[in-house]
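Scroll down for the structure; my scribbles are underneath it.
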Amino acid sequence: MSKVIFITGAGRGLGTDIALHALEAGHQVVATGRRPEEVEKTLGGPQDNLLVTKLDITSPQDAQAAAQAAVERFGRIDVLVNNAGNFFAGYFEEITPEQMRQQFETNLFGPMNVTRAVLPILRKQRAGHIITLSSTAGLIGQEFCVAYAASKFAVEGWMESLRYDVEPYGIRTTVVEPGFFRTELLVDASTTWPQPTIDDYAERTTATVAAWKSMNGQQPGDPAKLAQALLTIADQDTPPLRFVAGADAIEGVKAKAQELLAQAQASRELGGNLAHADTGA
């Protein structure tokens with residue numbers, strides 16, 4: 001069944017793959033990006049089932065305008081894919097407060113802006129599906145990823161709780177935790193690399209930046225296969241609440257779950273007996 005699929009960050013990387021696969025499958029696609037002319041060129045030019053529109057996800061006004069344009073063109077929105085994001089790499093002390101806020105503006109408040117614009121449409125329809133790209137870094141803290149992980153952990157809490165808000169109106173939610181895929185997250189356009197500013201971190205920063213850059217293009221995950229998997233989920237009547245994508249992600253999440261369970265068990269003696277004591281008064 002053909003659906004109207006609204007995709008953020010459709011001009012490159014995974015967003016492009018999702019848009020291309022959706023078009024090929026016969027869906028109507030709203031492909032958004034900060035430079036719509038580049039998005040349209042990347043997707044092969046004008047097409048009857050394609051609307052390309054400008055959207056900087058950090059702008060609530062852009063989000064409202066893009067959602068309205070989608071409804072004017074196709075009459076509805078069935079699936080929102082919150083894909084756009086970026087990566088501020090580095091150790092906590094070398095990330096400025098301004099950079100930390102920018103990380104959250106894009107990775108958390110950005111998808112919130114778009115979802116806030118789309119939700120009234122989905123509620124009116126009493127149907128829809130919100131898919132938001134998180135990361136294994138949203139479940140597992142990692143070295144050199146403190147800003148990115150913090151923003152993605154926030155995405156996890158938002159999406160896990162949003163489910164309860166919108167389920168009564170026929171709206172489903174899925175949060176996606178990919179492992180390492182050959183997307184464009186590690187290219188300079190998506191990643192802000194730190195400059196060594198503190199002697200204690202300098203050697204580690206230099207070595208880690210080099211290692212991350214060398215990884216670009218060598219990640220095990222195939223973004224085209226991930227895009228196809230997301231479209232499969234978008235077509236399900238009861239989609240999963242979370243989708244852990246990639247063998248590396250699955251193993252990492254299993255290990256984290258086991259670690260949490262072990263920590264809960266270890267906390268039982270001290271943490272499980274903190275209720276107010278009955279004084280008998």
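On a predicted model such as this, the values are computed, not experimentally measured, just so you know. We use all heavy atoms of the structure for the numbers below, so side chains are in, but hydrogens, waters and symmetry mates are not.
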Can you list everything that forms a salt bridge (charged side-chain N to carboxylate O under 4.0 Å, His left out) with Arg163? Sequence neighbours excluded, please. Glu167
What I want to check is whether the side chains of Thr197 and Glu94 have a donor and an acceptor closer together than 3.5 Å. yes
Any pair with a residue in residues 22-33 that passes side chain to side chain donor-acceptor pair (under 3.5 Å), sequence neighbours left out, goes on the list, sorted by first then second residue, please. none
For Leu122 and His129, work out which heavy atoms get closest and say how close. CD1-N, 4.4 Å
Where at least one partner belongs to residues 89-110, residue pairs that pass ring pair (Phe, Tyr, Trp, His ring centres under 6.0 Å), sequence neighbours excluded: Tyr91-Phe144, Tyr91-Tyr201
Mind checking what makes side-chain contact (heavy atoms from CB on, under 4.5 Å) contact with Ala227, not counting sequence neighbours? Leu14, Asp17, Ile18, His21
Supply the members, apart from Phe153, of the Ile/Leu/Val/Met/Phe/Trp/Tyr cluster built from side-chain contacts under 4.5 Å; use none for a lone residue. none
Keeping to residues at least two apart or across chains, list the salt bridge (charged side-chain N to carboxylate O under 4.0 Å, His left out) pairs with something in residues 120-143. Glu143-Arg204
Separation between CZ of Phe243 and OG of Ser134, rounded to the nearest 0.5 Å: 13.0 Å
Would you check if Leu162 and Ile171 make a side-chain contact, meaning some heavy-atom pair closer than 4.5 Å? no
Quick one: list whatever passes side-chain contact (heavy atoms from CB on, under 4.5 Å) with Glu203, sequence neighbours left out. none
Could you pull out all residues at least two apart from Leu51 that satisfy side-chain contact (heavy atoms from CB on, under 4.5 Å)? Val30, Ala69, Arg73, Phe74
pair Val114-Leu80: side-chain heavy atoms closer than 4.5 Å: yes
Any side-chain donor near an acceptor of the partner, Asn82 and Thr115, under 3.5 Å: yes
Can you list, by chain and residue number, the hydrophobic cluster partners of Leu241 when the side-chain cut-off is 4.5 Å? none
Below 4.5 Å, heavy atoms only, C-beta onward: do Thr132 and Val176 meet side chain to side chain? no
Take Asp56 and Lys54 through the test salt bridge (Lys or Arg N to Asp or Glu O under 4.0 Å) and record every step on the way to the result. CA-CA 7 Å; Asp56 177 344; Lys54 179 182 180 297; 5.8 Å; no
Nearest heavy-atom pair of Ile7 and Gly15: which atoms, and what distance? CG2-O, 4.1 Å
Show me the pairs that pass side chain to side chain donor-acceptor pair (under 3.5 Å) and involve residues 253-263, at least two apart or across chains. Glu259-Gln263
Is the shortest side-chain heavy-atom distance between Asn107 and Lys152 below 4.5 Å? yes
If you round to the nearest 0.5 Å, how far is CZ of Arg172 from OG1 of Thr174? 10.0 Å
Rounded distance [0.5 Å steps], CZ in Phe87 versus OG1 in Thr106: 13.5 Å
Mind checking what makes side-chain contact (heavy atoms from CB on, under 4.5 Å) contact with Ala84, not counting sequence neighbours? Thr8, Ile57
Gap separating the OG1 atom of Thr42 from the CZ atom of Arg12, nearest 0.5 angstrom: 10.0 Å
Taken in chain and number order and not counting sequence neighbours, the residues that satisfy salt bridge (charged side-chain N to carboxylate O under 4.0 Å, His left out) with Glu156 are Arg242
Pro36 side chain reached by Glu40 side chain, heavy atoms, under 4.5 Å: no
Between CD on residue Glu93 and OG1 on residue Thr205, distance to nearest 0.5 Å: 10.5 Å
Can you tell me how far apart CG (Asn113) and CD (Glu105) are? Round to the nearest 0.5 Å. 7.5 Å
